[in-house]
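Every chain is numbered from 1 and lettered A, B, ... according to where its sequence line falls, protein lines coming before strand lines. The model shown is predicted, which means the values in this text are computed figures rather than measured ones.
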Amino acid sequence: MSDRIPRWALAEDGDGRWHATPLDDPTGGRRLTTTDPAEAIRAAPTGTRWVWRSTQAVYPRLLAAGTRVERCHDIEDAELLLLAHEGRLGEPRSAAAAWARLTNAPVPPDPPQRAAEPGSQHSLFDPQPAPVPLDALVAVHADQVKRQGATAHPDRMRLLVASESAAFLVAAEMNRAGLPWRADVHRALLTELLGERYAGRGQPRRLAELADEVSAAFGRRVRPELAADVIKAFAEAGIKLKSTRRWEIQELEHPAVEPLIAFKKLYRIYTAHGWSWLADWVHDGRFRPEFIPGGTYTGRWVTNGGGALQIPKVIRRAVVADPGWRLVVADADQMEPRVLAAISRDPAFMEVAGRPEDLYTSISRQGFSGDRDMAKIAVLGAVYGQTSGDGLKNLAALRRRFPRAVAYVDDAAKAGEEGRLVRTWLGRTCPPPTDPEDAEELPDGYVPSYASTDARARGRFTRNFVVQGSAADWALLLLAALRRSLAEAGMRAELVFFQHDEVIVHCPEEEAPAVVAAIRAAGDLAGRITFGETPVRFPFTTAVVECYADAK
DNA sequence: GACAGACGCGCC
DNA sequence: AAAGGGCGCGTCTGTC
């Protein structure tokens, strides 16, 4: 091990017993067996890195017993990261599978994932996979350490594994804490927006009224929640639609447009965050989704249950701190372009990303021919692979001003189009193309149009992957640094929410200034640890509020 | 009745 | 400004 931090392995055996051992002396006298995993934690030195099969399987039980750990190495997460790096994504990633590969035994498939049910606490694997003996866990860990050393950038891969393991600790703690949620405020809001619910069944009053207005505009009964019905109604009125998406409808000259758009907006609230959502997901003043780090290919987190990463802005009114407490809401400013500056090492881009001001404003003032909005469109177009429109003109200006930054994402796109893999800064690797042989087996010079379309889509994916994914790398380090500093300061503050570039900490009012400072420090520390010493800064917009809706 | 896929839209 | 990247999840529709 390159670090001096002690490592212990901890495994559950299926008979309710736990086995633990220090990795520097796995068969020695400090090996222990217990029915209480917290006892094993207490037996090891403070700060030990716990090597276990799955943080999601083990850590909630430790937290329930009031036991916290500082560090871990999540075998099944590490396996997934290593398999992806080795171009073997799709092979089973369970600890049992990794052990089987080591011993040339038949490799068991991963158990299927189960969706979260309202109110259920944890739900990663169902049923639980067969237990992996402690010695097998020790052997798999040793193999993973070896494989980390064989990656393109071993130090970065070690950092990725450690920081995503830390993220699983953060996630388990956030799952336990829950997001403060005032059901009474939410209910009042629903009534204000949607109107009263009629006794029995049927849509609430305001929705029913808007549906009536839509029907009146068409001169017949139309159910606005049915896309097929809406398309038919417009066709009868002589308007051909490909879809009923808002941006396609809102340009139309028709009396149904206004009530229809209003209906769609409220219908969404009603179905996705209405009364039944509230009954399903909010209990005892907390909304408890299940946060899952690394749930996407790019490394962004997902949540399981309750749509926690899609809480509509209006509904945030219901997120209210406990009495005497505050929410510290912190948003990383222009995270993705700053990350692009750091990973591309474009000198001019790093220079503007090191200024303590809005990044897009800086760009627009630095020889870029356009205003802030044009600069923003150009940057986002470069990161997303925009194919048409004004963004392309602005992109040309961006390329002249920041050639290395644009070349970085262009190279990633080219790699994708050619069927190669790309990686984030810390080494998270994109999935292989679905059908890599196709391109090679085609006759020379013959490229069917669908194939080139697929290749371009793949190019847009890999172009975005390197930026979105490297931003997710940085966010892992941010969370790990913040978790650590809140704990070391002995604060009661708790991380309660994380959404790509935004964190919410729930804390006693008097701790709020220290929390704000801790977040700012963690952002810049994460930048240095992730990307090395660069001029790039990672500032935050912060707000100390009682209600989430009052932030920005 | 279960399930898969399309659609649509919320968030970043 | 245009409709490009990543998701989850609700409804509806078609299929078994």
Looking at B:dG8, I'd like to know if its phosphate oxygens (OP1 or OP2) sit under 4.0 Å from a side-chain N or O belonging to A:T244.
yes

Counting side-chain heavy atoms from C-beta on, which of B:dC12, C:dC12, B:dG10 comes nearest to A:H500?
B:dC12

How about A:N464 and A:V383: do any of their side-chain heavy atoms sit closer than 4.5 Å?
yes

What nucleic acid atoms does A:R458 come within less than 4.0 Å of, heavy atoms only: base, sugar-phosphate, or nothing?
nothing

Categorize A:Y267 for me: base, sugar-phosphate, or nothing, with a 4.0 angstrom heavy-atom threshold over every strand shown.
sugar-phosphate

Just compare C:dT11, C:dG6, B:dG8 and give me whichever is closest to any side-chain atom of A:T298.
C:dG6

Of the nucleotides B:dC11, C:dG5, B:dG8, which one has an atom closest to the side chain of A:P312?
B:dC11

Distance-only donor-acceptor test (3.5 Å): side chain A:R268, base B:dC9:
yes

Would you say the side chain of A:R245 and the base of B:dC9 hold a donor-acceptor pair, judged only by whether the two atoms sit under 3.5 Å apart?
no

Centres of the A:H254 and A:F218 rings: under 6.0 Å?
yes

Within the distance-only criterion (no hydrogens, no angle test), does the side chain of A:T361 pair as donor or acceptor with the backbone N or O of A:R372 below 3.5 angstrom?
no

Closest to side chain of A:E225, choosing from B:dG10, C:dC12, B:dC12
C:dC12

For a quick check of understanding: with a heavy-atom distance under 4.0 Å over all strands, which category does A:G306 fall into, base, sugar-phosphate or nothing?
sugar-phosphate

